[in-house]
Every structure is written in C-alpha cells, then in structure tokens.
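Report on the structure given below.
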There are 2 protein chains.
Amino acid sequence: MNLSMTELETYIQSYFGVSPEDLAAIASQFKEKQCKKGDFLLKTGNHCDELSFIQSGLIRIYVNTQEKEVTQWISSKGYFVTDLSAFVFDNPARWNMQALTDMKLYTISKKDYRLLGKDIPKWHELEKLFIARCFAFLEERIFSHLSMSAEERYQLFFEQNKSLFNEVPLQYIASMLGMTPETFSRIRKKSIQS
Amino acid sequence: MNLSMTELETYIQSYFGVSPEDLAAIASQFKEKQCKKGDFLLKTGNHCDELSFIQSGLIRIYVNTQEKEVTQWISSKGYFVTDLSAFVFDNPARWNMQALTDMKLYTISKKDYRLLGKDIPKWHELEKLFIARCFAFLEERIFSHLSMSAEERYQLFFEQNKSLFNEVPLQYIASMLGMTPETFSRIRKKSIQS
DNA sequence: ATTTTTTCTTGATATAGATCAAGAGGACCA
DNA sequence: TGGTCCTCTTGATCTATATCAAGAAAAAAT
C-alpha cells in the first residue's frame, strides 16, 4: 500500500465504507497526475476517459454557449471530478474542465475503472451510491433555482463554501449561481456591510 | 410471465437491455397498484418505500416551502417515479407525490427491490445506469436554469412535452419551469400568437 | 517597477419577471 | 341550474436582475 495515497484511501473509505482489501485494490488503480494552471483536463466534445480525485488545487467545469460562458461548478480538494454522464455513457463531453491552479490529482482511466467492476464484487453498488450522491446534489441545486432568489442562493452558497470566495475569480461563482458578475458584486457588498 | 405486464417489461428491456430471464425476475417483483386522483403516493418527511412504474395517469412531485409550493416534476406513462434520493439513502422524503388523475402503476417495495440485488448479478449495474440517467436529466435542467430565460425554458419544454399542456393545470408546469403562473400565461399567449 | 491584462465595482438605465388585483371561463357539485 | 371552486388571463405596477459603460483595483507579465 502506497502511503502517499492515504488521503485518497481515506476519502474512498469514508465515502464508500469498503473493506481494506477492496480499498487497496481500488486505490491502486489511481495514478498520480499533476497539471498546471490553465491546463484542460477535458474539453467539450471530446471523450471523457478519466475520473480524477483532487488532492490539491481547483478546477472549473464550464461550457461555452453562443451567447456566454456557463460555469457549472468549481471542484476542490477532496472531491472527485469528471463529466459524469459522458464518463458513464461514453457520450461526447458537454463540459470543459480547466485547472484554475496548479493541481495534484489521482486519476483512473475509464478502462481501469471498468475493470474494477470485474474484480470487486461490490463495485457496481459503490458506483451506484456515488452517482446517487451526485444526483442528490443536483436535486438540491434545482430546488434552489426553483425556490430561491439570487440573493438567497448567494447566501446559501457562501455559508457552505466560504473559502472558495478567496480562491477563485468571483465571476465564476456568479455564473454557477446563475447571475451576472455585477449582481454578484452588489449582493456581496450588501452582505459584507450587514 | 404475466402478459399484462408486457409494457413494464418492454420498458425495462429497452431501458436496461437485460436478458429475458432477468427481465422476468425483475418484472415479477412489481405488483399492480391503482390509485385515485388526489391520492398521495408519498408525503414529505415520510419514508419512501416504493418505486413505481406508471402504466397510466399523471403524478405531480412537489414540496411546500414557507412561501410557496414548488413543483419539481410531473411524471407520466412509461416512466418510473420515486423520491430517488430518499429511496436510495433511506432519508425522509423531500417530495410529495400526488396523483393528478386516476392511475395504474406497477410498484415494487424497497425490500423486494433490494433483494433483486442478491438474485440478479447485473442488478447493481442496471441500477447504476438508471440513476446515472436521472443524473444526466437533472444536469440538463440545471444547465437550462444557468443559461436560459424563462421564455426559452418554456419553449424547450413545450417542444419536448406538448401533450402535457392539455393534461395538467398549467400553474404546475409554470412552477416546475421556475416562473409564476402569470408569466407562464403571458409567454404562452405570445407563443400561440406567433 | 512599470506596463498590461484581468477582475471587480459602481452608476445609470433597461427589461424580464414578480406581485397585486380583478375578472372570466370551466368544471364539478348539490 | 345556479353556485362554488379552481384555473387561467389580463392590466397595472413594482422589483430584482441584466445590460451598458466606465473606472478602480488587483494580478500577471515584462
């Protein structure tokens, strides 16, 4: 067992609650990978052949439409990142994934990922739970758009992700919350003053 | 094999591409169930112990917040319906599910559903694919809220769900698209005139 | 250090969409 | 057959948020 991978293992363990043997088998398929600020881990339209765990750094998931650039999410240390639906269904990727900082990742190829399904009996169940969590997460977001104002979405996100506000261009956070940078700036000002 | 369940089987088959034996095993665990207009299949805060396939009828998924009622979705013939994250994680349900019409369902209990995982080797993989599709569906919806106006969301939804507009109170569609009934009505008027 | 580029703020204005209020049309009932 | 309720529409107004434009501040580059 590679000691330097403890963090990944800890995460997988806490997330999935797998046995030590399975844990080792899973973690061993992840390879360390680094990338530089500005690098693309994925571009819209390409195959999404990797799933990565973020050891350090920040990555932005976004897409360009005719009119504007839409940031879907910013993912940080301790989270997995991929274009899930492209990864699962082999569709062309919808999202760009670009490093906002230099990064350290643990990465598994789709091929190796799928082989885990053959070696580890519980694998598909773990996968299912992982995807179900992603689903629950999106459901929360949909709800926030159906029921909350821009200001309420700002407050909620701020409470849950304070640190991100010092680490990335705020315009990206504005976009992922579904508002313009100007509106974001005004809400932020009001929020700081009070 | 119960002939009256062909529709469910057809659906499972097309959705999951399972073998005839597995298909029969899966379908046999679903029980026919009827319910009347206005009945609740699930209420917010309760356990979600069932997954249902809609043979006929319409069901509304919604929740009450302090200020207002938020319709998440309206589900119709040929679709599965449950509070997915409550069903998977045994959380208290977020959503109410209420029949908008008399309905015919095929229903499986959570207990039987989970037993399928023991009997059918591919089950967890099928489950995973099902949940991943639900994820992809929500991802589309998030994207529509991040990138589109109320009018654009209306148009898109109308193209994809024309028939629903004759079948349910329009205020519910308005809510699931994230706009008021008044705005919905005005957009609709404009859309019909042109 | 100075320049260049990017990001953020601020003001002025415009617009999409919400809210409030009232009425019209249907459906369901008794 | 006339209510009662529910749903939808319409107008008037209001408000949240977008847009446009410019400058300030911060970060990156040279």
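In the text below, chain A, chain B and the rest are named by the order of the sequence lines, each starting its count at 1. As a basis for the values below, the full set of heavy atoms in this structure was taken, side chains included, without hydrogen atoms, waters or symmetry mates.
At a cut-off of 3.5 Å, with distance as the only test, a side-chain donor of B/Thr71 or B/Arg60 sits close to an acceptor on the other residue. Counting only N and O atoms by type, the side chains of A/Glu139 and B/Trp95 include a donor and acceptor under 3.5 Å apart. At a cut-off of 3.5 Å, with distance as the only test, a side-chain donor of B/Glu127 or B/Tyr113 sits close to an acceptor on the other residue.
Taking NZ from B/Lys104 and CD1 from B/Ile54, the interatomic distance works out to 14.0 Å, rounded to the nearest 0.5 Å.
Among the nucleotides C/dT9, C/dT19, D/dT17, the one closest to any side-chain atom of A/Arg188 is C/dT9. Of the candidate nucleotides D/dT17, D/dT9, D/dT19, D/dT9 has the atom lying nearest to any side-chain atom of B/Ser185.
Contacts between residues 153-162 of chain B and DNA chain C, defined by a heavy-atom separation below 4.0 Å, involve no residue at all.
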Can you tabulate the close N/O pairs, meaning under 3.5 Å, that link protein atoms to atoms of nucleotides 25-29 of chain D?
| residue | atom | partner | partner atom | Å |
| --- | --- | --- | --- | --- |
| D/dA28 | OP1 | A/Lys37 | NZ | 3.2 |

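Between A/Lys111 and A/Asp49, none of the side-chain N atoms (NZ, or NE/NH1/NH2) sits under 4.0 Å from a carboxylate O, so this pair counts as no salt bridge.
For A/Glu182 against D/dC20, a side-chain-to-base donor-acceptor contact under 3.5 Å is present.
Under the side chain to side chain donor-acceptor pair (under 3.5 Å) criterion, A/Asn96 pairs with A/Thr44, sequence neighbours left out.
Using cut-offs of 30° and 60° on the angle between ring planes, the pair A/Tyr154 and A/Phe165 is perpendicular.
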